[in-house]
Amino acid sequence: MANHNAINITEKDILVCIFQRGAADGLNALVPYGDNDYYNKRPTMSVPQPGANNGAIDLDGFFGLHPALAPLKPIYDIGDLALIHATGVPHRSRSHFTAQELVERGLTNKLGPNTGWLGRHLALNTKPSSSAFRVVSISGNVPVTLTGADDPLAFSEISSFGFDQGVINTGYPEVLTNLFRNPLPFSNTAQAALSAVDELASANPGIIPPDNGAAYPVTTLGKQLQQVGQLIKSTLPVEVICLDSNGWDHHENLPTFIQQSLTELAGAISAFHSDMGTRMQNITVLINTEFGRRVSQNASLGADHGTGSLAYVMGGGINGGQVFSNWPGLSDQNLEMNEDLKITTDLRSVQAELLTKRLGGTNMNTVFPGFTYTPAGIFN
Amino acid sequence: MDIDKKNNGKFILDNLQTRREFLKLLGKGLGYSAILTSLPGCGGGGSSPTPVAQIPMASPEYVTLKRTSFGVHRDELASIQAIGINAYLEQQLNYQNINDDNLENTLRTRFPLAFQTPAQLYAGFPENTQDINVDMISATQHRQIFSKRQLYEVMVEFWSDHFNIQLLNGLGPTLKPTDDLQVIRIHALGNFRDLLQASASSPSMIFYLDNFFNQAAAPNENYARELMELHTLGVNGGYTENDIKEVARCFTGWSIRFPNDPDGNPGEFIFRSTIHDNNAKTVLQNTITSNGGQTDGIQVLDILATHLSTAQFISTKLCRRFISDQPDEATINTVTTAFINSNGDIKDTLRALFASNAFQNTSDLKLCRPTEYLAGVIRSLAPDTNYPTDNGILFATAQSILGQLPFNWPTPDGYPDQQTYWGSTGGLLNRWRLSFLSFANVIQEINVFQINYNAMLNGANTLTTIIDAMINNILMRPISSDDKNFLLEWLNTQTGLTNDTALPTETIDKLTPSIASVLISSAYFQLR
């Protein structure tokens, strides 16, 4: 039965993955204000130097946060946030759909396992319990990242997952259990859904309020992260939660749109950090996108599809308070295909180190076949 | 035994007196406003189940209807059984000979914004944004549920996904209704080359994929990339990043008139020659000579429409739509050949697909999508219902829960057509909850559709005969004896009655909606 006092602290971190869909621009989020070429190539689309009106928030004398990311600065300062710039999976596709698929599969081309990098990691470990809540997606669908794991649970709102008591009284769930028995089509998924309904009704995480005065923004991402917090604080044995952040495809009017997108991101992330409090010691949050945007602004005050971008990691087990970057520079001769930010840190090395140090270890050949990783020292 | 007491609170759901409570039952927590805030996508790419058909096969006529319509309708099943599968499909392909005036006239009256020009819609914009959204969704849903031109509506949905445009996107609400009528609906069973050019010059597409920004001095590649990746060649269709840049240059100047343009109406196509790149281009090894103006883009469309990769890409997508997620190579090749030999005639291409062994001799290979499910529920449970008299919000709310609201998929690739996406835990649960539409007849206020269970039962009054009658009327296909026994055991437990006891009318009235909800929740109804 429900025990709201139990806390899910194990030797492994709970992992929260946020995928920024649409190719989030890294250059205006974590601004390389120390690189003059940034201002040369984005003459009317750049974030001003620290100290100027609406200027970047200085982090280390070279990089500064977009002012909309101000709520992340205190988290950075206490060492719970690290930023990785000029990162990505070197796949060379500029198609959103192909690139998202490759990044989620952890591959540089389509030859390779058909499952997600995280799904393959999760499949290495046997299920510790029969809970349907071990692997959860709160974006309605199961992302490619999680394919390969046993029956990831997918829903869009805790409050809408389940049946009315009147329906349960009619015996409807029981008869469905029989009609979707093994090995009939969709039996595994159906059984997982039915047991998830039972578990959720028993744990009732939807009523758990935010702690420590955390105020989640009333936005899609804010509501989703509030639910992530509720699941973590409930008795449900969640290990991995994936969600999407949409709307990053800023081909035009980037300054206005990215201001909105970063405001939503920072508000939701910082509320989650407050809500989790000391639980943050055993939580890792990873935020990344499919590729970055082109260095030069286009005629529509936006940027077209590019290559390298920015990733964020947050949690108690992070060597935070620093930007990890082997900065490639933005002068013409240093650009990928003469126009994009180069990838100097393979995103998979960040993920590999995360699995190794924070998720109890993994099998590198299975999760990232053919990839040799060098830990960057991002995680403790 | 006191039957009524035994049944109290079991087969009549508590608190199911009003329309609002009914919607809450379907949405559990989602309110009426869900349609305004819902995001598409309640499916998933879970553990990739590969269903093996282990349930009794339906008749070939049933399977044909399941795959070429939005759910099997009793009258159409009778029709296809009478005239044969080939004759039925030919009838459906020649959709203009099927009179649907009654429905179309109703839609014009009920959902007028779906028929208005950009200039008309702009006059009320942006206050009319949600009204346009609801009218567009509702007109589409009503056609899927009620049109006699079912195959045509299936192809309209196919091309709406193929050339997807998110309606709620800047000026999008004023532009998409015309795209729907003048691009998708006109050419859905016409010629692919015509459809492609209609789309390329559609203000709705030009706005959605930023081509109005595309100019010689600063090309915008968004449309060029999706034109090749999603509309024609496919991502592995043999083009390079340089081809994308060249195609973008060819389409510089393909633009729209914006509001307050003194020379024309807002939302009209215009070729702006002053911002067109007049230099020569090379597209897929073809030279486009200089100073071609608007013909540059036309030449690109010619190259793309006749490219082998396009024939293969379109044919593969059609096979996925009508057969399974992994169609066999031989069938794809047959359909590709038909596409090439007919110069992209969509009817001829479909004829080849329908004639294939893979289409004719398989069944239950794929989970139906949410639009098919919702329309199928109405077509199966309420085959005689009249056109709804509400404002369309019930069906739209139902579909917002299922996650496939027409014109609301945000990215240009269109709603996924893979059962792994839709068949997630949450996706199945949403379908099951929507199966409680079977209770609509309990609520007097639900004037959207009427279910007549008594007509289905035709005098059946024992658990055994009731189950048989409802399987025949709702599923219209045989079920396994094991499954029938599970249903009877469930009813025995819930009612305390044996299979052959004659039941009083009020008990039957309480049982039927529950039985219906279970039947339409089962794999028998969900697979195609």
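A note on names: the letters A, B, ... follow the listed sequences, proteins ahead of strands, and every chain is numbered from 1. Values below: all heavy atoms of this structure, side chains included; hydrogens, waters and symmetry mates excluded.
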Under the side chain to side chain contact (heavy atoms under 4.5 Å, CB included) rule, what do A/R181 and B/D482 come out as? Steps first, then yes or no, please.
CA-CA 11 Å; A/R181 68 196 174 280; B/D482 282 353; 3.3 Å; yes

[atom1]/[X] to [atom2]/[Y] distance, rounded to the nearest 0.5 angstrom?
X: A/D249; Y: B/N222; atom1: CG; atom2: CG; answer: 6.0 Å
X: B/K510; Y: A/T170; atom1: NZ; atom2: OG1; answer: 14.0 Å
X: A/L179; Y: B/Y524; atom1: CG; atom2: OH; answer: 7.5 Å

Holding to ring pair (Phe, Tyr, Trp, His ring centres under 6.0 Å), I want the full list of residues that pass it with A/W248, two or more places apart in sequence or in another chain.
none

Would you mind telling me which of [options] has the largest number of heavy-atom pairs within less than 4.5 Å of chain A?
options: B/V235, B/D413, B/D210; answer: B/D413
options: B/Q215, B/E489, B/E226, B/E241; answer: B/E241
options: B/L367, B/I479, B/L487; answer: B/L367

What part of A/V135 gets within 4.5 angstrom of chain B, counting heavy atoms only: side chain, backbone, both, or neither?
neither

Residue A/A192 versus chain B: region with a heavy atom under 4.5 Å:
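A/A192 touches chain B through backbone and side-chain heavy atoms alike.
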
Do you know which two heavy atoms are closest between A/A154 and B/T425, and how far apart they sit?
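Looking at all heavy atoms of both residues, the closest pair is N-OG1, 2.9 Å.
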
Taking every non-hydrogen atom, the tightest pair across A/A193 and B/W432:
CB-CZ3, 4.0 Å

Heavy-atom side-chain contact between [X] and [Y] under 4.5 Å:
X: B/Q526; Y: A/F186; value: no
X: A/Y172; Y: B/S521; value: yes
X: A/S300; Y: B/N220; value: yes

With side chain to side chain contact (heavy atoms under 4.5 Å, CB included) as the test, would you mind laying out the steps for B/R225 and A/H305 before giving the verdict?
CA-CA 10 Å; B/R225 179 183 303 279; A/H305 297 181; 3.5 Å; yes

Other residues, nucleotides, ligands: >12 heavy atoms within 6.0 Å of B/R272 CZ:
yes

Structural part of [X] lying under 4.5 Å from a heavy atom of chain A:
X: B/P412; result: both
X: B/L230; result: side chain
X: B/S517; result: both

Between A/N298, A/N114, A/L194, which shows the greatest number of heavy-atom pairs under 4.5 Å with chain B?
A/L194

Specify which of A/D244, A/L176, A/D304 makes the most heavy-atom pairs with chain B at under 4.5 Å.
A/L176

Once the angle between the rings of A/F163 and B/F436 is folded into 0 to 90°, is it parallel (under 30°), tilted (30 to 60°) or perpendicular (over 60°)?
perpendicular

Start with the C-alpha gap between A/E174 and B/W490, add the side-chain angles, then the distance that decides, and say whether side chain to side chain contact (heavy atoms under 4.5 Å, CB included) holds.
CA-CA 8 Å; A/E174 288 161 55; B/W490 160 56; 5.9 Å; no

Among residues 94-104 of chain A, which ones touch chain B with a heavy-atom distance under 4.5 Å?
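So the qualifying residues are A/R94, A/S95, A/H96, A/F97, A/T98.
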
